[in-house]
Enquirer: 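Dumping the structure here so I can ask a few things about it.
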Amino acid sequence: MARSFRFGVNLVAPAPDREWRAKCRRAEELGYDVILVPDHLGMAAPFPALVAAAEATERPRLGTFVLNAGFWNPALLAREVATADALTGGRLELGLGTGYVQAEHEAAGLPFGSPRERVDHLRRTVEELTGLLGSAEHRPQPVQRPRVPLLIGGNGDRMLRLTAEHADIAAFTGARSVPGSTTGQLAPITAEELDERVARYRELAAGRAEPAELNLLVQQVVVTEDREATVRPFLELVPHLTAAQVLELPIVLVGTVEEITAQVRAQRERYGFTYLTVLEPCMEEFAPVMAALREA
């Protein structure tokens, strides 16, 4: 039996106190299940932002989407996670990734490393963090047991293996880093390429006692009567794709509410995605789709 849908919004724009709390309350009013924050220089610091979100809301869970493991020491991260879980009343979900923006590491004076080194660091972080937070001697203690739910995001084979071994939530971006980019430029992967990545994850996760929840980060949501005209401006960014191919991308939801709702249901059948994350600029646009999916 398919899981029920869950919906998160990634709040990417920093804001002063009243404005931040107001948009968190708005996310709750619209029905989002999870309020998320990224981990990039120039954006809000994740854990204070989530504690403020918890104070402004009652129902949504709060998550990092995702922490850049290269910014964090496992012992210090364990303190942050346990404190944030306590101050949010056990509503925290921890998202972790390797980090992909070389320029941010350079600005912070931190090594970026090779893809292999970044995955190795993430693995050490996950394993040490699990040990620290699972220890009865660790102070402070998180509220949630046996642990704070863990989301890991990535596409490569080694990342999928790590996700299969450790994550409660397996997150797929539907995009990959552009070779040579130091600013984190991403290029979408096709629907067929995502098929292969999800299939590879399922192969690696075949021995799990409990299946993970599968998450997809959606990049664009536009409610419109004219799908092709709407995506035409995007073609300059992806010149190797046709308008029809862009409309097939799982990370692009364009059409009427009914069309987008049907697309999301079809993607649940095809890939198993039941937890969708949208970006803050799409928060209002996606709300009627979310409501329609819940009514069905």
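Note that the structure is predicted; figures quoted are calculated from it, not measured. Quick note: residue numbers are just sequence positions, from 1.
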Enquirer: Any heavy-atom pair between the side chains of Thr256 and Ile260 that's under 4.5 Å?
Expert: no
Enquirer: Using side chain to side chain contact (heavy atoms under 4.5 Å, CB included), reason through Met283 and Arg26 one step at a time and then give a plain yes or no.
Expert: CA-CA 9 Å; Met283 181 171 78; Arg26 180 57 178 161; 4.0 Å; yes
Enquirer: CD of Gln245 to OG1 of Thr242: how many Å apart, nearest 0.5 Å?
Expert: 3.5 Å
Enquirer: Is the closest side-chain heavy-atom distance between Arg202 and Leu214 below 4.5 Å?
Expert: yes
Enquirer: CD of Glu29: more than 12 outside heavy atoms within 6.0 angstrom?
Expert: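 Yes, CD of Glu29 has more than 12 neighbouring heavy atoms, counting only those of other groups under 6.0 Å.
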Enquirer: Same cluster or not: Leu110 versus Leu122, using hydrophobic residues (I, L, V, M, F, W, Y) connected whenever any side-chain heavy atoms lie under 4.5 Å apart?
Expert: yes
Enquirer: Side-chain heavy atoms under 4.5 angstrom apart, residues restricted to Ile, Leu, Val, Met, Phe, Trp, Tyr: same cluster for Ile169 and Ile35?
Expert: no
Enquirer: Keeping to residues at least two apart or across chains, list the side-chain hydrogen bond (donor to acceptor under 3.5 Å, both in side chains) pairs with something in residues 32-42.
Expert: Asp33-Arg294, Asp39-Trp72, His40-Glu104
Enquirer: Would you say Val254 and Met290 are hydrophobically clustered, going by side-chain heavy atoms of ILVMFWY under 4.5 Å?
Expert: yes
Enquirer: Checking Val9 against Leu36 for the side chain to side chain contact (heavy atoms under 4.5 Å, CB included) test, could you report, in this order, the C-alpha distance in whole Å, the side-chain angles of both residues, the deciding distance, and whether it holds?
Expert: CA-CA 6 Å; Val9 58; Leu36 301 150; over 6 Å; no
Enquirer: Show the nearest heavy-atom pair for residues Pro250 and Leu194, with the distance to one decimal.
Expert: CG-CD2, 3.6 Å
Enquirer: May I have all residue pairs that pass salt bridge (charged side-chain N to carboxylate O under 4.0 Å, His left out) and include part of residues 129-154, sequence neighbours excluded?
Expert: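 Those involving residues 129-154 are Arg147-Asp168.
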Enquirer: Which residues satisfy the ring pair (Phe, Tyr, Trp, His ring centres under 6.0 Å) test with His121, sequence neighbours excluded?
Expert: none
Enquirer: Side chains of Pro188 and Ile251: does their closest heavy-atom pair fall under 4.5 Å?
Expert: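 Sidechains of Ile251 and Pro188: in contact.
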Enquirer: For Phe7, which residues count as a ring pair (Phe, Tyr, Trp, His ring centres under 6.0 Å) partner, sequence neighbours excluded?
Expert: Phe5, Phe286
Enquirer: Give me the ring orientation class for Phe71 and His105: parallel if the planes are under 30° apart, tilted from 30 to 60°, perpendicular past 60°.
Expert: tilted
Enquirer: Charged N to carboxylate O below 4.0 Å: is that the case for Arg21 and Asp17?
Expert: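 Counted as a salt bridge, because a side-chain N and a carboxylate O are separated by less than 4.0 Å.
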Enquirer: Would you check if Leu62 and Val34 make a side-chain contact, meaning some heavy-atom pair closer than 4.5 Å?
Expert: no
Enquirer: Under 4.5 Å between any side-chain heavy atoms of Arg268 and Val264, yes or no?
Expert: no
Enquirer: Do you know the tightest heavy-atom contact between Leu92 and Arg61?
Expert: O-NH2, 3.1 Å
Enquirer: Can you list the residues that meet the ring pair (Phe, Tyr, Trp, His ring centres under 6.0 Å) rule with Phe273, with sequence neighbours excluded?
Expert: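 Partners of Phe273 under the ring pair (Phe, Tyr, Trp, His ring centres under 6.0 Å) test: Phe172, Tyr271.
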Enquirer: Going from CG on Leu279 to CG on Leu217, what distance comes out if it is rounded to the nearest 0.5 angstrom?
Expert: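 Rounded to the nearest 0.5 Å, the CG-CG separation comes to 5.5 Å.
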Enquirer: With sequence neighbours excluded, tell me which residues meet side-chain hydrogen bond (donor to acceptor under 3.5 Å, both in side chains) with Glu280.
Expert: Lys23
Enquirer: Under 6.0 Å from the CZ atom of Arg116, do we count more than 12 heavy atoms belonging to anything else shown?
Expert: no
Enquirer: Can you confirm whether more than 12 heavy atoms, excluding those of Arg158, are under 6.0 Å from its CZ atom?
Expert: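 Correct, the count exceeds 12.
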Enquirer: Is the shortest side-chain heavy-atom distance between Val66 and Thr64 below 4.5 Å?
Expert: no
Enquirer: Please check: side-chain N/O of Glu213 versus main-chain N/O of Ala170, any donor-acceptor pairing under 3.5 Å?
Expert: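 Here the side-chain-to-backbone pair does not exist.
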Enquirer: Test side chain to side chain contact (heavy atoms under 4.5 Å, CB included) on Leu96 and Leu94 and set out the steps.
Expert: CA-CA 7 Å; Leu96 287 171; Leu94 177 65; 4.2 Å; yes
Enquirer: If you measure from OG1 on Thr163 to CG on Leu204, what distance do you get to the nearest 0.5 Å?
Expert: 9.5 Å
Enquirer: Would Val222 and Leu235 show up in the same hydrophobic cluster when neighbours are defined by side-chain heavy atoms closer than 4.5 Å?
Expert: yes
Enquirer: Using the ring pair (Phe, Tyr, Trp, His ring centres under 6.0 Å) criterion, which residues pair with Tyr275? Sequence neighbours excluded.
Expert: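 For Tyr275 there are no ring pair (Phe, Tyr, Trp, His ring centres under 6.0 Å) partners, ignoring immediate neighbours.
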Enquirer: Tell me who clusters with Val101, hydrophobic residues only, linked when side chains sit under 4.5 Å apart either directly or through other members.
Expert: Tyr100, Leu186
Enquirer: Tell me the closest heavy-atom pair linking Gly42 and Pro14, and the distance in Å.
Expert: O-CG, 3.8 Å
Enquirer: In the structure I gave you, are the side-chain heavy atoms of Val238 and Val246 within less than 4.5 Å of one another anywhere?
Expert: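 Result yes, sub-4.5 Å side-chain heavy-atom pair found.
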Enquirer: What heavy-atom pair brings Gln263 and Val252 nearest, and what distance separates the two atoms?
Expert: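 Looking at all heavy atoms of both residues, the shortest contact is NE2-O, 3.1 Å.
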Enquirer: Would you mind reporting whether Glu269 and Arg265 have side-chain heavy atoms less than 4.5 Å apart?
Expert: no
Enquirer: Are any of the side-chain nitrogens in Arg200 or Glu203 under 4.0 Å away from the carboxylate oxygens of its partner?
Expert: yes
Enquirer: Can you give the donor-acceptor pairs under 3.5 Å from side chains of residues 150-157 to other protein atoms, not counting sequence neighbours?
Expert:
{"residue": "Asn155", "atom": "ND2", "partner": "Thr173", "partner atom": "OG1", "Å": "3.1"}
{"residue": "Asn155", "atom": "ND2", "partner": "Ala175", "partner atom": "O", "Å": "2.6"}
{"residue": "Asp157", "atom": "OD1", "partner": "Arg197", "partner atom": "NH1", "Å": "2.8"}
{"residue": "Asp157", "atom": "OD1", "partner": "Arg197", "partner atom": "NH2", "Å": "2.8"}

Enquirer: CG/Leu77 to CZ/Phe47 distance, rounded to the nearest 0.5 angstrom?
Expert: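 Going from the CG atom of Leu77 to the CZ atom of Phe47 covers 5.5 Å.
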Enquirer: Does anything in residues 79-88 form a side-chain hydrogen bond (donor to acceptor under 3.5 Å, both in side chains)? List the pairs, not counting sequence neighbours.
Expert: Asp85-Gln144
Enquirer: Please confirm whether the backbone N or O of Thr190 pairs with a side-chain atom of Glu193, one donor and one acceptor, at under 3.5 Å?
Expert: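 Side chain of Glu193 to backbone of Thr190: a pair is present.
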Enquirer: According to side-chain hydrogen bond (donor to acceptor under 3.5 Å, both in side chains), does anything in residues 217-228 pair up with another residue at least two apart or in another chain? List the pairs.
Expert: Thr224-Thr230
Enquirer: Rounded to the nearest 0.5 Å, what separates atom CG in Asn68 from atom OG1 in Thr125?
Expert: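 Separation between the atoms: 10.0 Å.
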Enquirer: Look at Arg123 together with Glu128 and state whether they make a salt bridge at an N to O cut-off of under 4.0 Å.
Expert: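 Answer for the salt bridge query: no.
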Enquirer: Is Leu241 linked to Val218 within one hydrophobic cluster, defined over Ile, Leu, Val, Met, Phe, Trp and Tyr using a side-chain heavy-atom separation of less than 4.5 Å?
Expert: yes
Enquirer: Nearest 0.5 Å, what's the CG-OH distance between Leu160 and Tyr201?
Expert: 9.0 Å
Enquirer: For Ala82 and Pro140, which heavy atoms make the closest approach, and how far apart are they?
Expert: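 Of all heavy-atom pairs spanning Ala82 and Pro140, the closest is CB-O, 3.3 Å.
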Enquirer: What pair of heavy atoms forms the shortest contact from Gln141 to His138, and how long is it?
Expert: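 Heavy-atom minimum between the residues: NE2-O, 2.8 Å.
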Enquirer: Mind checking who shares a hydrophobic cluster with Val51, ILVMFWY linked at side-chain heavy-atom distances under 4.5 Å?
Expert: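 Direct or chained contacts put Val51 with Leu87.
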Enquirer: Under the side chain to side chain contact (heavy atoms under 4.5 Å, CB included) rule, what do Val37 and Phe65 come out as? Steps first, then yes or no, please.
Expert: CA-CA 6 Å; Val37 293; Phe65 200 88; over 6 Å; no
Enquirer: Would Arg6 and Glu93 count as a salt bridge (charged side-chain N to carboxylate O under 4.0 Å, His left out) here? Give the steps.
Expert: CA-CA 13 Å; Arg6 269 205 318 161; Glu93 296 185 1; 2.8 Å; yes
